[in-house]
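Every number for a ligand or one of its atoms is a count from 1 in the order of the listing. One is the number of the first residue; the rest follow in order along the sequence.
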Amino acid sequence: MSLDEIVRPTCVEIDLKLLEENFESIKKHVAPAKVMPILKANAYGNGLIRVAQLFQKLETDYLGVAVVEEGILLRQSGIKIPILVLGGMLGNQIPIFLKHDLSMTASSIDKLNQIDETACQLKQKAKVHLKIDTGLERIGVHYYNSERFLEQSLNCKHTIVEGIYSHFASADSTNLDYTKLQLERFYEVLKFYEKNSLPNPIRHISNSGAILQMPEANLDLVRPGILLYGVYPSQEVKKTIIVKPTLSWKSHVVFFKAIKPDHPVSYGSTWKSDHFIRAVTVPVGYGDGYFRSMSHKAEVLLNGKRYPIIGSITMDQIVVNIERDSSYNGDEVILIGSDGKHQITCEELAKWAGTIPYEILTNINTRVPRIYHE
Ligand SMILES: *Cc1c(COP(=O)(O)O)cnc(C)c1O
């Protein structure tokens, strides 16, 4: 991409071809289970609408988001696939779910009843997935209290129970004991349907970690998030499916200078050199989601080499030490991505920032333009 095509010298590039390949690899791995791509938090930084359009084209059966606003945006952009909103919600939000044909997560008997009553009043059918808490202790009816919840769901005449689901707490770790326990608890809950000779709603529990490590948990549908975007949920997870990162983060040099010995760099004057160095300034900072906590650790790729960032990362700009090398205004700087020879991964940024790759991806601010490669 040439410089004059972009508004800002800093942008995120999304490779939609790789996203499609990652999706197809997951789909093949879990078949005959279906796949519900998870698109919350701006599709893990990849851009909600364009990513949803790709999945609509690929005729996926479901999409998952976290909050109702994400679902509304998808409907307003012409996405017709069933959409499940995974997060907790308040009773006064129910009409907006109904208006936009979004499936709700019913996380308690009270919520379920409220959903059914609202649907009755509005003369509509509500769509829900029953949420069972098998050990995450976030939302959902505890597995040991679920019988009454499932019974009540049969009495809701204005509600279609599309699915029943739960969520794992540590499916991406080496020790899968707790994950297995959660799966057993979920199976126990599901016996209700067999016992009452009722058909199962769609059963689902697997996130990226479980898709990689617990094929026995695939059930009817799986819910991959981070894996779709080519990033593994943890360092220790077994890489049983090969995926490639879809997102690169790039910027360009906007300033070059020499810095004298003992002349400190950036806020707080936390870094200085004892000899002359050359340095470049790059227009990206923590206001874009390039975390300040990576100061004094982060590196970037420039002209085929890795260079360290010096001084504090500021809101909008960073300074890169190129020592004796040369660089010019307009040179490409890779923050996340590969130049063919070297690579900087979002896992690496997570390590520098003391966080997990999820937080790196979902914090790349919307002020960073997204550019798509088909
Ligand atoms: C975020 C989320 C997922 C996807 O998790 P990944 O680890 O990114 O695969 C699946 N299900 C629920 C309920 C979630 O909140």
Is Asp101 salt-bridged to Lys80, cutoff N-O under 4.0 Å? no
Salt bridge (Lys or Arg N to Asp or Glu O under 4.0 Å) partners of residues 223-236, not counting sequence neighbours, each pair once: none
Only pairs at least two apart or in different chains count here, so list each salt bridge (Lys or Arg N to Asp or Glu O under 4.0 Å) that has a residue in residues 298-322. Glu299-Arg306, Lys305-Asp325, Arg306-Glu348, Asp316-Arg367
Could you check Asn200 against Ile164 for side-chain contact (heavy atoms from CB on, under 4.5 Å), going step by step and ending with a plain yes or no? CA-CA 8 Å; Asn200 287 314; Ile164 180 166; over 6 Å; no
Any side-chain heavy atom of Asp288 sitting closer than 4.5 Å to one from Arg8? yes
Taking non-hydrogen atoms within less than 4.0 Å of ligand 1, which protein residues qualify? Ile38, Lys40, Tyr44, Leu86, Arg138, His167, Asn207, Ser208, Arg223, Pro224, Gly225, Ile226, Tyr358
Residue pairs involving residues 14-24 (criterion side chain to side chain donor-acceptor pair (under 3.5 Å); sequence neighbours excluded): none
